[in-house]
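I have placed the structure first, in the form of structure tokens, so that the comments after it can refer back to it.
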Number of protein chains: 2
Amino acid sequence: MSNASSSRRRRGSARTTLTQVAEAAGVSAITVSRALNTPERVNAETRRHILATVERLGYVPNLVAGSLASASSRFIAVIVPSLANAVFIEVIQGLQETFEARGYQILLGNTDYDLDREAQLVRTFLGWSCSALVTAGLRHSEACHNLLNGWDKPIMEMMELGEALDLNVGLDHAAAGHCMARHLLQRGHRQIVYVGGRMAKDYRAGLRYAGHREELAAAGLEAPLIDLERLGSLEAGADALDQVLETHPRADAIHFANDDLATGALLHAQRLGLGVPKDIAIAGFNGLPLGQHVTPRLTTIRSPRHRMGRLAADRLLTRLDGGSVSVRCNVGFSLLVGDST
Amino acid sequence: MSNASSSRRRRGSARTTLTQVAEAAGVSAITVSRALNTPERVNAETRRHILATVERLGYVPNLVAGSLASASSRFIAVIVPSLANAVFIEVIQGLQETFEARGYQILLGNTDYDLDREAQLVRTFLGWSCSALVTAGLRHSEACHNLLNGWDKPIMEMMELGEALDLNVGLDHAAAGHCMARHLLQRGHRQIVYVGGRMAKDYRAGLRYAGHREELAAAGLEAPLIDLERLGSLEAGADALDQVLETHPRADAIHFANDDLATGALLHAQRLGLGVPKDIAIAGFNGLPLGQHVTPRLTTIRSPRHRMGRLAADRLLTRLDGGSVSVRCNVGFSLLVGDST
DNA sequence: CGCTGTTATGTTAGCGCTAACATCCTTTTT
DNA sequence: AAAAAGGATGTTAGCGCTAACATAACAGCG
């Protein structure tokens with residue numbers, strides 16, 4: 001039950017070891033090891049006998065020892081900037097499903113959008129002899145680069161596309177920004193404000209804004225920007241709407257960096273009695289279910305988050321199995337036209 | 001002859017080891033180990049010199065080897081039933097913040113509400129010599145019980161209260177069910193339908209239903225139950241509303257097992273032009289931000305999820321530091337009266 | 001002056017497992 | 001029939017680190 005037992009054994013735990021199983025089964029340690037890890041290399045009868053002994057003694061393999069001896073753990077390091085964002089959760093789920101089915105364990109790290117923390121996490125994860133590393137984004141600190149460059153295992157950079165260290169699965173954020181801006185222009189909006197949150201850190205929102213701005217520039221329009229101090233949340237979105245109404249009273253559309261902000265603004269507009277899109281159009285990014293359940297339905301861009309996770313995991317597994325995969329994979333996105341624009 | 005590195009490297013990686021750092025610094029391996037792990041036990045000057053050498057050689061400690069030698073990793077196993085539910089994400093965040101600040105790494109497992117998968121995960125995590133284990137819920141498979149009973153490290157069971165293996169932080173779900181039912185009765189509702197999702201698996205929803213039913217029984221009322229095949233989602237909530245309207249046309253209130261379902265129903269009622277709470281009252285459970293941003297605001301019960309995570313982590317850390325903590329901790333809940341009832 | 005206590009460092013012996021090589025059969029090939 | 005190939009199991013030697021004990025040097029003390 002609790003950690004009460006304070007025996008004075010010199011080292012080691014009371015747990016059954018592989019050697020004890022071997023003795024009990026009347027075989028050598030390596031045979032037990034093989035029966036558990038590469039069963040096809042052991043005679044069927046011997047195997048059955050060993051597994052029965054394992055069961056009888058309640059043996060739980062010491063994975064730490066195994067990893068040390070084989071110089072590789074079945075860990076996959078996964079580093080994301082935030083857990084508060086449903087987007088990363090879905091990517092993680094995609095990764096997890098695929099990896100767990102193949103016996104890999106995910107080691108999750110959260111950088112809170114801080115590149116130094118990322119380097120720190122990478123350091124720790126390398127120390128665990130992970131089989132591969134997955135991280136969100138292509139931007140890293142110099143320390144992080146140094147650590148990763150000297151590493152000999154697969155690295156997957158996700159979410160965006162570009163010059164990667166190794167493998168890369170993601171989508172083109174600038175193109176997504178272009179796409180939504182074009183849509184808003186087509187709908188006749190001309191005073192379009194872009195609203196993001198902590199964009200110095202969430203630089204992918206910045207990439208989308210760059211696309212948005214180019215599109216507006218091509219139409220001879222300004223692209224005012226509001227950069228909130230908070231990341232996405234319904235509350236921040238509601239506040240942002242107030243701010244836009246005050247600072248850009250002639251705005252006819254708001255292009256939000258994510259669906260949380262957009263939906264928060266949309267629900268707040270409802271409370272204020274503002275017509276959406278009649279008085280002001282609202283657009284988001286991500287394609288979260290929430291946006292599709294409010295009235296009017298949110299116009300947004302859907303990214304295949306879950307699929308991105310699965311794809312990334314599949315490619316890493318292929319690589320780990322010795323296969324070769326193409327370096328870059330564009331998962332694309334789709335414009336989801338709702339009634340809010 | 002030092003044929004050590006001349007022949008093909010038999011084992012091991014190209015990475016710098018602690019012994020190499022020790023040689024380069026002109027001290028013994030254990031001194032380097034101490035300089036890194038218990039710096040106060042090493043002379044300040046020696047320490048500085050060693051750390052400089054570590055830096056110069058780009059040494060990254062092999063945590064696997066350290067864990068094997070010390071028979072304990074700085075891993076905390078965390079097992080939750082789902083990542084799709086914001087509730088668990090927030091609990092995890094609370095745990096993570098607290099543990100990471102103290103140098104522990106979370107090892108996350110997802111059971112998908114399957115007790116056999118839980119046992120499987122526990123097995124794996126024990127194999128990693130975790131320092132402690134956190135799991136959601138008090139119900140486990142027999143295999144899981146056996147594994148945990150023979151374990152000598154702290155165990156924390158979260159979310160609900162009751163007979164625990166070791167430590168327990170949570171809230172009283174039956175009381176929460178009572179509380180909301182009482183509120184609905186006070187508001188004059190009499191035909192109250194309870195709607196949950198996969199309640200055989202999400203048995204805490206069942207505990208709340210039991211409280212709900214008792215409260216209604218005390219008022220001489222029936223407590224019809226609808227158990228959906230899906231867990232919480234906005235879409236499932238919308239469908240559930242349709243189902244209630246069809247099968248219980250005289251219902252005047254719906255008590256949902258979670259906010260996702262409740263909000264989905266609420267938004268759907270809006271689309272259908274139904275008045276909430278005039279035509280039908282809607283109540284949820286969790287107190288997610290979403291419910292507080294829709295109109296009418298959702299009546300729900302708020303659980304201190306983030307705090308639950310922090311509290312659990314704090315208690316485990318106290319335990320790990322050799323301190324003693326009380327076994328049970330009730331974090332409570334609060335009724336959040338909105339405009340939907 | 002020896003005694004004890006303290007601080008700083010070193011020596012030894014594993015932790016529990018698996019890679020690599022070795023051995024001993026049985027089967028297949030030539 | 002001898003040689004080669006393959007299958008099953010064993011022996012040896014670590015993986016890289018740290019617990020436990022050992023040593024040394026020095027301060028404080030009666």
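Below, chains carry the letters A, B, ... as their sequence lines are ordered, and counting in each starts from 1.
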Look at Ser28(A) and dG10(D) and indicate whether a side-chain polar atom (N or O) is within less than 4.0 Å of OP1 or OP2. yes
Which part of the nucleic acid, if any, lies within contact of Ser67(B), taking any heavy atom under 4.0 Å across all strands shown: a base, the sugar-phosphate backbone alone, or nothing? nothing
Heavy-atom nearest nucleotide on DNA chain C for Arg34(B) versus Ala65(B): which residue maps closer to 5'? Arg34(B)
If you check every side-chain atom of Ala69(B), which of dG14(C), dA19(D), dA8(C) has the closest atom? dG14(C)
To the nearest Å, how far apart are Ile30(A) CD1 and dA22(C) P? 15 Å
From CG of Leu63(A) over to C1' of dC15(C), roughly how many Å is that when rounded to an integer? 14 Å
Examine dC17(C): is either OP1 or OP2 under 4.0 Å from a nitrogen or oxygen in the side chain of Tyr59(A)? Give yes or no. yes
Check the phosphate of dA8(D) against Thr31(A), side-chain N and O only, distance under 4.0 Å to OP1 or OP2. Yes or no? no
Whole angstrom is fine here: how far is it from CZ in Arg47(B) over to C1' in dT9(C)? 14 Å
Looking only at side-chain N and O atoms, does Asn37(B) come under 4.0 Å of OP1 or OP2 in dT18(D)? yes
Categorize Val64(B) for me: base, sugar-phosphate, or nothing, with a 4.0 angstrom heavy-atom threshold over every strand shown. nothing
Whole angstrom is fine here: how far is it from CG in Leu68(A) over to P in dA13(D)? 18 Å
Round to a whole Å and report the spacing from CG of Leu126(B) to P of dG16(C). 15 Å
Does the pair Ser67(A) and Arg74(A) meet the rule for a side chain to side chain donor-acceptor pair (under 3.5 Å), with working shown? CA-CA 8 Å; Ser67(A) 296; Arg74(A) 287 181 80 83; over 6 Å; no
Which atoms form the tightest heavy-atom contact between Leu317(A) and Arg102(A), and what is the distance? CD1-CG, 3.8 Å
Any idea which heavy atoms bring Ala132(B) and Leu316(B) closest together, and the distance? CB-CD2, 4.2 Å
Which of dA8(C), dC17(C), dG16(D) is nearest the side chain of Thr17(B)? It is dG16(D)
Protein-nucleotide distance (Leu36(B), atom CG; dT9(C), atom C1'), rounded to Å: 15 Å
Among dT9(C), dA8(D), dC17(D), the nucleotide that comes nearest once only the side chain of Thr46(B) is considered: dT9(C)
If I take atom CZ in residue Arg48(A) and atom P in nucleotide dA8(D), what distance separates them, rounded to the nearest angstrom? 14 Å
Between Phe75(A) and Trp128(B), is a ring pair (Phe, Tyr, Trp, His ring centres under 6.0 Å) present by the stated rule, with each step listed? CA-CA 11 Å; Phe75(A) 277 136; Trp128(B) 282 111; 4.2 Å; yes
Spacing between Arg41(B) atom CZ and dT18(D) atom C1', to the nearest angstrom: 12 Å
Salt bridge or not between Arg117(B) and Glu100(A)? Use side-chain N to carboxylate O under 4.0 Å. yes
